[in-house]
Amino acid sequence: MPNALFFGIIALIISLAITVISLILYLEQYRRQSKEKSIATTFETFDYTENKSLGILNRAIKKAQAIIGNAELEGIKISTQNRMTDKKAEQVLENELTLAMNKTYSEYVKFLEGLKEQTNQIQTANQEVIKQRANIIFDKFEQNLGTFLTSTEQKSITSIELELKSARQLIETYKTQQIAIIDENIISILERTLTLVLAKKIPLKDQVDLIYEALNQAKVEKFVV
Amino acid sequence: MTTGLLDIILADTFIKSDSLKKVVVLRNHLVKKIFNTSIAPETADISEDPKMTIWVLNLNPALFSAITQANVYTTFDNLESTIKAIEPLMLYLPYELPEKEVTQIGNKLRDDYGPHFLMEINMDPNLIAGCAISFKGIYKDYSVKYRITEKKQAILSTFRQYVKH
């Protein structure tokens, strides 16, 4: 609004200046025309007209200056008014702004408090949920650990038993083999002893009797057909 | 004729290999006698074994009257093949028997299985005592060693009991 007024005043001043300049030009043109029409006419008419024109011009200039002065005064007044209006508006705005800021601040504080309260509630709820989840996890972990330990214990016991069983079997096998070897040794020693002893101790008659016994047994068994 | 000669050869011979040796010695002797009538065969030419020589010399020449130049070889070939066809009883002994005992065993076998039954004696010291016999590829062990093997468990249990006490 102050800017429009300022531009209006400027326009007015410019229009006045243009009016004065056009007037001057018109008079100059009239003068030339008058001159051209009748130079022969009298210098008095020219002086009269010249003086009248100058007077008109002076009056126009004075009026223009007065108008300009008024316009300037008006302009200054308006600018002063504008400044005052601006200051008032500024103050009003400042007041309104302060009020709005205070209001906004209070609302913001309220909002923050509400947010804080909400956050606390959510935090509390989350903590509860986390606590519950943690309890569930720990319970499951305890169960799984117990199951795992039990199964591991079973597997260990089973494998140890298997190892013991295979070791016992191995020992038994070794024992059986060693006993068989010992038995073979006993028999072979016995045979060797009998071979050495009987060859010297059995009389020929007994030896022949053994042969007869064998041949009789073969006959009974019908070995020779 | 073969049967007569067979009886002569197997009369006191019970071992098949000895019988075949006798056949060879007798054939050689008769061949020399038949084909070299001008020269009397010397005792040393009959056999390196003095017993064999004595046996040949003690034979009655009348027994070989039917043998001529024409049939000497065929006769003895037949005799040899007859003896080879006889399946002998293989007797495995842990020691060598004297001739007398071999004769006793041979006579027993002929009493049990026929007059032309033969045997072969082999040595097997592992038998300890007694004998094992084999006939037509079948082996049967009647030795002391076999009896020990048969009674192995009883012997071992007795042994263990003896060790315990």
Side-chain angles (χ1 to χ4, degrees), chain A residues 156-225, chain B residues 87-98 100-114 117-119 121 124-160 162-163:
Chain A
S156 302
I157 290 168
T158 312
S159 70
I160 288 166
E161 279 174 358
L162 280 172
E163 285 289 331
L164 280 173
K165 195 176 171 184
S166 70
R168 279 195 205 107
Q169 272 179 356
L170 206 63
I171 290 166
E172 279 302 315
T173 311
Y174 178 74
K175 197 170 138 187
T176 311
Q177 282 174 354
Q178 289 302 312
I179 287 171
I181 291 168
I182 289 166
D183 291 345
E184 288 296 323
N185 284 341
I186 290 169
I187 296 296
S188 53
I189 288 168
L190 184 65
E191 284 173 0
R192 182 82 184 125
T193 307
L194 284 172
T195 306
L196 292 171
V197 168
L198 290 179
K200 290 177 182 166
K201 294 290 180 189
I202 290 186
L204 184 63
K205 185 181 174 303
D206 290 340
Q207 289 172 358
V208 173
D209 287 341
L210 283 170
I211 294 167
Y212 280 142
E213 194 182 321
L215 292 172
N216 286 334
Q217 197 176 342
K219 187 180 174 185
V220 166
E221 291 171 4
K222 293 185 183 169
F223 181 72
V224 180
V225 178
Chain B
E87 189 70 38
L89 180 76
M90 305 297 287
L91 198 62
Y92 298 91
L93 301 174
Y95 37 76
E96 200 167 342
L97 280 175
K100 184 183 162 190
E101 277 69 27
V102 171
T103 306
Q104 283 176 1
I105 290 168
N107 283 325
K108 181 190 163 29
L109 286 171
R110 286 208 176 144
D111 290 339
D112 291 337
Y113 303 112
F117 197 79
L118 292 171
M119 63 179 171
I121 293 177
D124 186 0
N126 294 329
L127 297 174
I128 304 173
C131 70
I133 58 176
S134 168
F135 188 71
K136 289 184 181 175
I138 299 171
Y139 180 89
K140 190 88 165 115
D141 196 342
Y142 296 99
S143 65
V144 167
K145 182 186 174 181
Y146 176 74
R147 289 184 196 179
I148 290 172
T149 308
E150 239 184 352
K151 307 283 180 190
K152 187 172 152 183
Q153 292 303 323
I155 293 167
L156 287 169
S157 63
T158 308
F159 184 75
R160 285 195 193 104
Y162 174 75
V163 167

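Every chain is numbered from 1 and lettered A, B, ... according to where its sequence line falls, protein lines coming before strand lines.
- Both the backbone and the side chain of B:F135 come within contact range of chain A, each with at least one heavy atom under 4.5 Å from a heavy atom of that chain.
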Criterion side-chain contact (heavy atoms from CB on, under 4.5 Å) on B:K136 and A:V224, from CA distance to verdict: CA-CA 9 Å; B:K136 289 184 181 175; A:V224 180; over 6 Å; no
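- Contacts of residues 204-222 of chain A with chain B at a heavy-atom distance below 4.5 Å involve A:L204, A:Q207, A:V208, A:L210, A:I211, A:Y212, A:E213, A:A214, A:L215, A:N216, A:Q217, A:A218, A:K219, A:E221, listed in sequence order.
- For chain A, the nearby part of B:I155 is the side chain; its heavy atoms alone come within less than 4.5 Å.
- Proximity to chain A involves both the backbone and the side chain of B:K140, based on heavy atoms less than 4.5 angstrom apart.
- Heavy-atom contacts from other residues, nucleotides or ligands closer than 6.0 Å to OH of A:Y174 number 12 or fewer.
- Note that the CZ atom of A:F223 and the CD1 atom of B:I138 stand 6.0 Å from one another [nearest 0.5 Å].
- Using a 4.5 Å cut-off between heavy atoms, B:S143 does not touch chain A at all.
- The pair B:K152-A:E184 counts as a salt bridge, with a side-chain nitrogen and a carboxylate oxygen less than 4.0 angstrom apart.
- Within 6.0 Å of CD on B:E96 lie no more than 12 heavy atoms contributed by other residues, nucleotides or ligands.
- B:L89 touches chain A through its side chain: at least one heavy atom from C-beta onward sits under 4.5 Å away, while N, CA, C and O do not.
- Distance check: A:E191 CD to B:I128 CD1 gives 5.0 Å after rounding to the nearest 0.5 Å.
- Looking only at heavy-atom pairs under 4.5 Å with chain B, the residue among A:I186, A:D183, A:T195, A:I202 that has the most is A:D183.
- Around the OH atom of B:Y113, the shell of radius 6.0 Å holds more than 12 heavy atoms that belong to other residues, nucleotides or ligands.
- Interface residue B:P98: only side-chain heavy atoms are found under 4.5 Å from chain A.
- Residue contact with chain A, scored on non-hydrogen atoms closer than 4.5 Å, is absent for B:E87.
- For a residue to count as touching a neighbouring chain, one of its non-hydrogen atoms must lie under 4.5 Å from one of that chain's; by this rule A:I182 does not touch chain B.
- Residue with the most contacts toward chain B among A:L196, A:L198, A:I187: A:I187 (heavy-atom pairs, distance under 4.5 Å).
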